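Since the model is a prediction, treat every value here as computed from it, not as a measurement. Hydrogens, waters and symmetry mates are skipped; everything else that's a heavy atom, side chains included, is used.
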Amino acid sequence: MSKKAKVMMSIATAIIIVMMSKAFILDEAVKGYLVIFFFVGAGLAALRLFINGMIRKMKEKHIGVKVVFFAALLSVGIPFQSWFRTDVLFAMSKAFIFPSITVMVASVVLMTIVYGIIYQRVNVSYLQEEHAG
């Protein structure tokens with residue numbers, strides 16, 4: 001793991017721990033939202049890595065396959081983004097938005113690095129098993 005990844009991972013972890021600890025210790029009403037937004041961020045990190053992997057595989061595909069892929073991606077992504085913005089973010093108390101978004105962004109950064117590390121380790125062990133036999 002690079003030094004940059006370690007620093008980013010440390011900062012993201014510190015942000016999450018401090019904000020969640022403060023919310024739970026002081027029994028703030030935002031604590032439930034912080035947990036939810038942590039998992040939303042973790043899901044977005046997994047989605048980001050999945051989509052990036054699929055885009056890398058699109059390089060050797062026919063243009064029609066690329067158009068269908070991006071059309072399907074946008075047909076799911078745009079309505080979800082619209083729903084999340086209007087029904088979730090705009091419906092929240094203004095006091096909850098900043099801590100929730102901060103935890104979500106820190107979670108995306110942290111979990112992108114963690115998922116990347118897990119993927120590399122699983123991929124390396126799979127390749128070692130494949131070449132050993």
Side-chain angles (χ1 to χ4, degrees):
M1 180 175 12
S2 71
K3 184 177 180 179
K4 181 180 174 183
K6 287 179 183 178
V7 169
M8 289 177 62
M9 201 166 139
S10 299
I11 292 170
T13 303
I15 290 170
I16 292 167
I17 290 172
V18 166
M19 293 193 76
M20 285 192 162
S21 298
K22 178 184 168 271
F24 278 92
I25 291 170
L26 299 178
D27 198 30
E28 296 174 346
V30 74
K31 65 185 174 191
Y33 284 101
L34 295 182
V35 173
I36 291 168
F37 275 75
F38 173 80
F39 286 109
V40 168
L44 288 172
L47 180 65
R48 178 178 176 263
L49 292 174
F50 172 74
I51 296 299
N52 285 349
M54 294 304 293
I55 289 172
R56 267 189 240 111
K57 291 179 182 178
M58 287 288 143
K59 289 182 181 176
E60 58 263 4
K61 301 289 183 186
H62 185 268
I63 187 72
V65 174
K66 292 177 186 179
V67 168
V68 169
F69 172 75
F70 284 107
L73 190 61
L74 290 173
S75 69
V76 172
I78 291 175
F80 179 78
Q81 179 187 15
S82 177
W83 166 81
F84 186 76
R85 187 182 326 111
T86 56
D87 293 346
V88 177
L89 291 180
F90 292 156
M92 289 174 67
S93 168
K94 300 256 186 262
F96 292 1
I97 292 175
F98 179 75
S100 298
I101 297 299
T102 303
V103 166
M104 185 177 70
V105 170
S107 174
V108 168
V109 170
L110 173 67
M111 296 311 290
T112 298
I113 296 168
V114 169
Y115 292 153
I117 292 168
I118 292 169
Y119 175 77
Q120 286 176 346
R121 289 189 180 165
V122 168
N123 200 23
V124 166
S125 65
Y126 173 76
L127 290 174
Q128 288 174 347
E129 288 175 10
E130 188 175 279
H131 291 293

*For E28 and K22, run side-chain contact (heavy atoms from CB on, under 4.5 Å): C-alpha distance rounded to whole Å, both residues' side-chain angles, the deciding distance at 0.1 Å, then the answer.*
CA-CA 8 Å; E28 296 174 346; K22 178 184 168 271; 2.9 Å; yes

Interatomic distance, [X] atom [atom1] to [Y] atom [atom2] [nearest 0.5 angstrom]:
X    : Y    : atom1 : atom2 : value
M19  : I15  : CE    : CD1   : 8.5 Å
I118 : R121 : CD1   : CZ    : 8.5 Å
Q120 : M1   : CD    : CE    : 9.5 Å
T112 : M9   : OG1   : CE    : 11.5 Å
F69  : M54  : CZ    : CE    : 5.5 Å
I16  : M111 : CD1   : CE    : 8.5 Å

Consider only side-chain heavy atoms of I, L, V, M, F, W and Y, link residues closer than 4.5 Å, and tell whether [X] and [Y] are in one cluster.
X    : Y    : answer
V68  : V65  : no
F98  : I36  : no
F80  : F39  : yes
V7   : I17  : no
Y115 : V122 : yes

Looking only at non-hydrogen atoms, find the nearest pair between [X] and [Y] and report the distance.
X    : Y    : result
V108 : G41  : CG2-O, 3.4 Å
P79  : L74  : CD-O, 3.7 Å
A42  : S107 : N-OG, 3.1 Å
T86  : F90  : O-CB, 3.5 Å
A5   : I113 : O-CD1, 3.6 Å
P99  : L34  : O-CD2, 3.4 Å

Is atom [atom1] of [X] surrounded by more than 12 heavy atoms (other residues, nucleotides or ligands) closer than 6.0 Å?
X   : atom1 : result
K66 : NZ    : yes
F84 : CZ    : yes
R48 : CZ    : no

*Are any side-chain N or O atoms of S75 and backbone N or O atoms of A71, one a donor and one an acceptor, separated by less than 3.5 Å?*
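Confirmed, S75 side chain pairs with A71 backbone.
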
_My understanding is that a hydrophobic cluster links ILVMFWY residues whose side chain heavy atoms are under 4.5 Å apart, including indirect links. Using that, what else belongs to the cluster containing I63?_
V67

_Student check: side-chain heavy atoms of F37 and V88 closer than 4.5 Å_ = yes

_Check: Y119 and L49 side chains under 4.5 Å, non-hydrogen atoms_ =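 They are not in contact (no side-chain heavy atoms under 4.5 Å apart), so the answer is no.
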
*Check the pair L89 / I101 against side-chain contact (heavy atoms from CB on, under 4.5 Å), numbers first and verdict last.*
CA-CA 9 Å; L89 291 180; I101 297 299; 3.6 Å; yes

_Sequence neighbours excluded, every pair satisfying ring pair (Phe, Tyr, Trp, His ring centres under 6.0 Å) that has a member inside residues 8-33_ =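 Every ring pair (Phe, Tyr, Trp, His ring centres under 6.0 Å) pair that includes a residue of residues 8-33, provided the two are not neighbours, is Y33-F96.
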
*Please lay out, stage by stage, how M104 and F38 fare under the test side-chain contact (heavy atoms from CB on, under 4.5 Å).*
CA-CA 5 Å; M104 185 177 70; F38 173 80; over 6 Å; no

*asked:* Is there a side-chain contact (heavy atoms from CB on, under 4.5 Å) between I55 and F70? Walk through the geometry before answering.
replied: CA-CA 9 Å; I55 289 172; F70 284 107; 4.0 Å; yes

